[in-house]
4 protein chains.
Amino acid sequence: MKIKVGIVGGAGYTAGELIRILLHHEFVELGGIVSSSNAGNPVHLVHDDLVGETDLAFTSELAGDEDVVFLCLGHGNSKSWLHKTVLPATTHVIDLSNDFRLNADAEFEGREFVYGLPELNRSRIQQAQSIANPGCFATAIQLALLPLAGKLTNDIHVSAITGSTGAGQSLSETVHFSWRTNNVSIYKPFTHQHLGEIGESLAQLQPQSEAEIHFIPYRGNFSRGIFASVYTPSDLTQDEARELYKQFYADAPFTTVSDKEIHLKQVVNTNKCLLHVQKQGKQLLVTSVIDNLVKGASGQAVQNMNLIFGLPETTGLNLKAGLL
Amino acid sequence: MKIKVGIVGGAGYTAGELIRILLHHEFVELGGIVSSSNAGNPVHLVHDDLVGETDLAFTSELAGDEDVVFLCLGHGNSKSWLHKTVLPATTHVIDLSNDFRLNADAEFEGREFVYGLPELNRSRIQQAQSIANPGCFATAIQLALLPLAGKLTNDIHVSAITGSTGAGQSLSETVHFSWRTNNVSIYKPFTHQHLGEIGESLAQLQPQSEAEIHFIPYRGNFSRGIFASVYTPSDLTQDEARELYKQFYADAPFTTVSDKEIHLKQVVNTNKCLLHVQKQGKQLLVTSVIDNLVKGASGQAVQNMNLIFGLPETTGLNLKAGLL
Amino acid sequence: MKIKVGIVGGAGYTAGELIRILLHHEFVELGGIVSSSNAGNPVHLVHDDLVGETDLAFTSELAGDEDVVFLCLGHGNSKSWLHKTVLPATTHVIDLSNDFRLNADAEFEGREFVYGLPELNRSRIQQAQSIANPGCFATAIQLALLPLAGKLTNDIHVSAITGSTGAGQSLSETVHFSWRTNNVSIYKPFTHQHLGEIGESLAQLQPQSEAEIHFIPYRGNFSRGIFASVYTPSDLTQDEARELYKQFYADAPFTTVSDKEIHLKQVVNTNKCLLHVQKQGKQLLVTSVIDNLVKGASGQAVQNMNLIFGLPETTGLNLKAGLL
Amino acid sequence: MKIKVGIVGGAGYTAGELIRILLHHEFVELGGIVSSSNAGNPVHLVHDDLVGETDLAFTSELAGDEDVVFLCLGHGNSKSWLHKTVLPATTHVIDLSNDFRLNADAEFEGREFVYGLPELNRSRIQQAQSIANPGCFATAIQLALLPLAGKLTNDIHVSAITGSTGAGQSLSETVHFSWRTNNVSIYKPFTHQHLGEIGESLAQLQPQSEAEIHFIPYRGNFSRGIFASVYTPSDLTQDEARELYKQFYADAPFTTVSDKEIHLKQVVNTNKCLLHVQKQGKQLLVTSVIDNLVKGASGQAVQNMNLIFGLPETTGLNLKAGLL
């Protein structure tokens with residue numbers, strides 16, 4: 001079996017990461033890699049680690065017979081692309097933007113989008129026509145919170161720091177190297193757009209919760225990864241909490257509860273999420289690390305594709321961490 | 001006038017920073033720079049930016065006629081050094097460790113230590129015999145909180161990230177470059193030793209508060225600086241809060257309330273603290289940045305010395321930021 | 001077919017990288033991962049990206065039935081380990097130290113070591129009992145020079161910069177984060193120990209050359225990778241030189257001549273070497289990039305293993321670059 | 001005495017650095033800080049480390065009575081600015097671009113520009129009306145070579161690595177944080193524009209030399225500083241060479257010959273140049289470090305101003321290194 005894959009928005013960071021992964025996915029055949037501004041050029045002109053590895057070129061259109069299309073477009077552009085494109089209903093769509101993540105956006109012109117967090121929605125994903133791939137912060141924070149759903153009674157406090165690739169490829173002051181290196185700052189405190197999807201996922205498991213999430217997002221001086229710290233008062237002991245988390249993720253091939261404290265580089269360049277659970281006084285503290293471009297974007301998108309097509313969830317995703 | 005200055009523990013990071021500052025302080029004459037393991041060697045062998053700038057050598061003992069002695073020893077070692085050393089009562093001591101910061105430790109063998117945060121204790125510092133110089137996290141967090149003292153009614157949530165110099169010179173896994181670069185982690189969540197001094201300073205201004213401080217300290221992948229985010233519910237409007245902060249720090253030459261959001265590098269290599277105040281919903285959020293080795297250690301120590309000796313507070317401390 | 005693999009010196013950087021690669025090598029079964037100081041502990045306690053991925057533990061001895069043993073010991077220790085260990089003659093040894101790289105060291109107690117640079121010695125490697133895996137700088141520089149062998153008539157000038165992982169795991173001032181970050185320095189100018197192996201490889205192809213190599217090694221403020229610049233006067237035009245290089249590496253799956261200028265991150269986390277060839281005046285300049293831990297160590301070691309066991313050279317080595 | 005200073009091009013990196021230095025220069029009064037796009041805005045809106053330190057605003061024009069005007073314009077723009085501006089002949093101009101550095105450009109519409117490298121031209125600078133401030137690479141490399149002038153008989157090989165601030169403020173791929181971090185690359189090998197000024201300075205001291213300079217410039221993943229390695233065959237012994245260098249720079253307050261090997265951070269944020277001299281075989285190797293924005297630009301410009309106005313050369317330039 002070969003799954004024929006198309007990619008729209010092929011020149012961006014998440015598309016690059018997707019191509020890197022899919023080139024070595026044994027059940028994938030790459031079809032159109034659409035980038036209007038690069039059409040005709042070799043893919044390795046933009047994603048230049050691929051020189052010598054592939055001679056594929058960007059295209060101006062999809063091949064047309066793709067089994068699945070990944071949309072790697074800027075937020076807001078997936079809707080307009082889908083609107084103007086005639087795509088067979090049998091073609092699966094996996095969208096990496098935030099256009100279809102919220103319940104209110106989950107149906108669009110006849111397509112039904114399932115929120116693609118496998119640890120939450122595995123069986124629905126397996127049946128899905130289309131997928132709204134979660135946000136990167138949202139992935140890290142939800143994986144830290146999901147096992148507590150049903151037991152959340154109080155406010156939740158989150159600080160999380162992300163690498164520069166989270167801001168994408170476009171140039172701006174805060175991604176200028178001379179500004180960003182050795183620097184730290186925050187942005188959108190309490191109002192980050194990922195709070196919506198996090199809240200809906202928790203509500204799916206604990207409909208009546210009124211626990212508010214207070215979230216301070218930091219910009220870090222590294223390129224890849226998210227480290228999140230999440231705490232809330234809890235009646236669970238540390239042992240109970242750890243056991244709860246381990247049970248919850250027992251079947252999740254990429255999400256692991258570590259007995260030791262964790263650090264960001266354990267997961268960079270992989271599709272993993274590592275969690276660590278500890279109790280201090282009344283506070284239950286969960287730390288969570290992911291690679292924002294892999295588990296937080298393109299890797300999770302491939303994980304969703306694997307689930308849709310009945311493949312082992314880890315196919316093509318046994319990625320070597322850089323660690324050092 | 002020349003103030004004769006001695007330094008004990010002359011080979012460490014904070015001593016290096018102190019020497020760099022004092023070499024160009026117009027009213028200072030350096031006496032003994034004590035480092036038993038380096039005695040006789042030029043200071044620039046250890047603090048090697050100073051080659052060509054000074055031929056001073058480390059000594060095994062103080063000169064004996066110092067007006068002020070800075071203790072740059074590891075935590076716990078200041079007490080034992082003072083215990084075994086006969087120092088004239090007229091010699092001021094400025095201690096950079098945490099040995100004398102808490103009220104319970106403020107008197108030691110006849111010496112009285114004033115907690116050396118000028119923004120809190122300026123007039124007491126001017127009269128002080130000895131100074132307990134504040135911790136770096138403690139400085140950043142207190143400057144973010146002090147104006148609220150008297151109005152704190154609810155829990156306070158703090159996340160703050162520090163550079164590697166905060167961990168000092170000794171080698172360990174978490175300061176190995178291959179581990180630390182591109183990495184983030186936390187340590188001592190909710191239990192960091194600086195919580196004690198922060199709590200006592202707040203209690204000094206608001207004796208009855210039961211507001212608990214929840215503090216997550218992060219290790220960042222940069223060498224210098226602390227960025228702290230502090231929030232708590234408040235009845236103040238954003239405008240009222242900003243006005244309150246500006247009034248509180250109107251006379252503080254190094255602490256400024258910025259109207260724009262702040263970032264770490266605005267203060268690196270300087271003795272400044274920048275604050276930014278904003279309101280989101282019920283939460284009042286204050287961000288705070290300092291250089292942990294300057295305002296968080298050696299610069300503030302010199303600021304305290306200036307106050308003791310009746311000099312303008314900024315003498316020798318007009319330091320150029322690196323910014324970029 | 002499964003190749004049973006043993007690793008000696010299992011706790012170091014190169015062993016960690018080897019384990020990461022071999023865990024997903026479809027024809028490998030891991031036997032003993034020897035680390036006397038860690039024996040009995042899970043491998044993921046040291047190589048902590050592997051938590052959740054493997055429950056293998058370090059051992060105090062090899063299993064005994066390994067088909068191949070990788071020696072990841074410090075320089076000088078491979079000889080003493082081999083001397084005191086009885087290993088069947090049928091067990092292949094791949095040594096990552098510099099103990100057996102030079103012709104004078106290629107035979108040791110009955111074992112014959114082939115210098116394991118596949119681009120130079122592919123057919124000899126396929127027949128080899130044991131392999132001396134090349135040094136990291138040596139790999140980057142040789143791949144930049146080999147096609148010119150036979151045409152070298154003048155001195156060769158090399159500058160190259162390496163990441164901190166090249167210095168290994170042990171702690172020292174130059175790998176202290178506070179020292180290394182934002183810093184650059186050189187070491188062992190003109191005398192780096194890899195000059196020996198480079199010289200012998202060139203002499204293998206051009207026995208009479210007296211071209212001297214002048215090499216300035218730099219320490220960079222990043223963890224992984226080597227960027228080398230190599231120039232020498234040449235009579236070749238730029239086009240001729242590029243053609244020569246492309247022909248020379250036509251069959252090398254990991255070494256590619258790029259038409260565009262190259263940068264380090266194109267190859268980090270992969271087993272690739274990228275080269276760029278240009279002519280300026282009389283000087284032919286070749287730039288070369290590798291990941292020092294992969295193509296410069298453990299990846300190339302696996303490449304050699306693949307060759308010995310008749311596997312496709314790329315088996316297990318289709319690694320995703322981090323790029324960003 | 002107060003020197004009234006104007007700055008044209010006030011929003012760029014070198015202007016920011018100049019303002020930081022001049023704000024604490026005891027003999028300077030700042031006049032117009034011209035930035036047409038920022039006119040009327042506080043200087044600290046752009047150079048945001050200055051918030052709380054100055055309320056000066058950008059202007060659309062010079063005050064008119066400046067004693068000296070610093071031109072911090074892009075290369076090529078100084079000529080056009082001077083052409084369209086009527087400036088009294090008594091107003092000194094210190095230009096930080098490369099418009100007037102070469103002999104052929106040293107006279108422009110009645111102004112005579114002296115090449116402002118104090119270690120080469122101190123006495124001419126003291127008499128100068130206008131100054132062409134040297135390039136950053138040119139400063140680091142010349143200071144490594146000047147003492148050898150008169151003894152250069154063979155080709156000179158230079159590799160040097162610079163921080164991102166050397167590329168200025170404008171956004172481009174190679175200063176995007178996600179690209180630059182952990183990355184190394186080269187640019188303009190053998191053809192860098194600073195070779196012209198270096199060659200002319202050497203020719204000033206050794207008119208007949210035909211020693212060619214081969215220069216590979218690297219882009220480093222740090223923001224500030226240049227590390228240069230310069231070697232050439234020499235008949236001098238190491239001791240003779242060191243003595244020669246020490247004599248040559250005996251009167252240079254900012255240029256020091258170190259007995260120990262040097263590293264970049266010894267000089268970052270200062271106006272210093274450190275040199276280290278060693279001999280290996282026939283090669284004399286000189287390493288050189290400067291901060292590209294200070295000794296390589298704005299600091300040296302102030303040093304030149306001090307010389308013109310008869311002030312001690314170090315006035316306002318006793319800057320604290322960041323070191324760590």
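By convention in this document, chain letters (A, B, ...) are assigned in the order of the sequence lines, proteins followed by strands, and residues within each chain are numbered from 1. Every heavy atom of this structure was used, including side-chain atoms; hydrogens, water molecules and symmetry mates were not.
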K.L.:
If every non-hydrogen atom of D/Leu264 is compared with every non-hydrogen atom of C/Asn183, which pair is closest and at what distance?
P.N.:
N-OD1, 3.0 Å

K.L.:
Could you pull out the closest heavy-atom pair between C/Asn182 and D/Lys265, with the gap in Å?
P.N.:
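Smallest interatomic distance, heavy atoms only, reads O-CG, 3.6 Å.
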
K.L.:
Count the heavy-atom pairs under 4.5 Å between each of D/Ser223, D/Ser178, D/Gly163 and chain C, then report the option with the highest count.
P.N.:
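Most heavy-atom pairs under 4.5 Å with chain C: D/Ser178.
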
K.L.:
Identify the two heavy atoms, one from D/Pro189 and one from C/Leu285, that lie closest to each other, and give their separation to 0.1 Å.
P.N.:
CB-CD2, 3.5 Å

K.L.:
At what distance, to the nearest 0.5 angstrom, does CD of D/Glu261 lie from OG1 of C/Thr174?
P.N.:
11.0 Å

K.L.:
Of the backbone (N, CA, C, O) and the side chain (C-beta and beyond), which part of C/Ile161 lies under 4.5 Å from a heavy atom of chain D, both, or neither?
P.N.:
side chain

K.L.:
Please report the closest heavy-atom contact between C/Ser159 and D/Tyr218, naming both atoms and the distance.
P.N.:
OG-OH, 2.6 Å

K.L.:
Under a 4.5 Å cutoff for heavy-atom pairs, which residue among D/Gln280, D/Gln266, D/His176, D/His263 has the most contacts with chain C?
P.N.:
D/His263

K.L.:
Inspect the surroundings of NZ in D/Lys260 and state if more than 12 heavy atoms from other residues, nucleotides or ligands are less than 6.0 Å away.
P.N.:
yes

K.L.:
Can D/His157 and C/His214 be said to form a side chain to side chain contact (heavy atoms under 4.5 Å, CB included), step by step?
P.N.:
CA-CA 10 Å; D/His157 299 274; C/His214 305 279; over 6 Å; no

K.L.:
With rounding to the nearest 0.5 Å, note down the distance linking CD1 in D/Ile216 to CD1 in C/Ile216.
P.N.:
12.5 Å

K.L.:
Rounded to the nearest 0.5 Å, what separation is found between the CD atom of C/Gln283 and the CG atom of D/Asp155?
P.N.:
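Atom-to-atom, C/Gln283:CD and D/Asp155:CG are 7.5 Å apart.
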
K.L.:
Measure C/Gln278 against the heavy atoms of chain D and call it side chain, backbone, both or neither at under 4.5 Å.
P.N.:
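Just the side chain, heavy atoms under 4.5 Å.
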
K.L.:
Which one of D/Ile262, D/Thr181, D/Thr287, D/Thr191 has the most heavy-atom pairs closer than 4.5 Å to chain C?
P.N.:
D/Thr181

K.L.:
Return the CZ to CZ distance between D/Arg219 and C/Phe227, rounded to the nearest 0.5 Å.
P.N.:
9.0 Å

K.L.:
Taking C/Gly225, C/Ser229, C/Gly322, C/Gly220 one by one, which has the highest count of heavy-atom pairs under 4.5 Å against chain D?
P.N.:
C/Ser229

K.L.:
Relative to each other, are the rings of D/Phe190 and C/Tyr231 parallel, tilted or perpendicular (30° and 60° limits)?
P.N.:
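Rings of D/Phe190 and C/Tyr231: perpendicular, as their planes differ by over 60°.
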
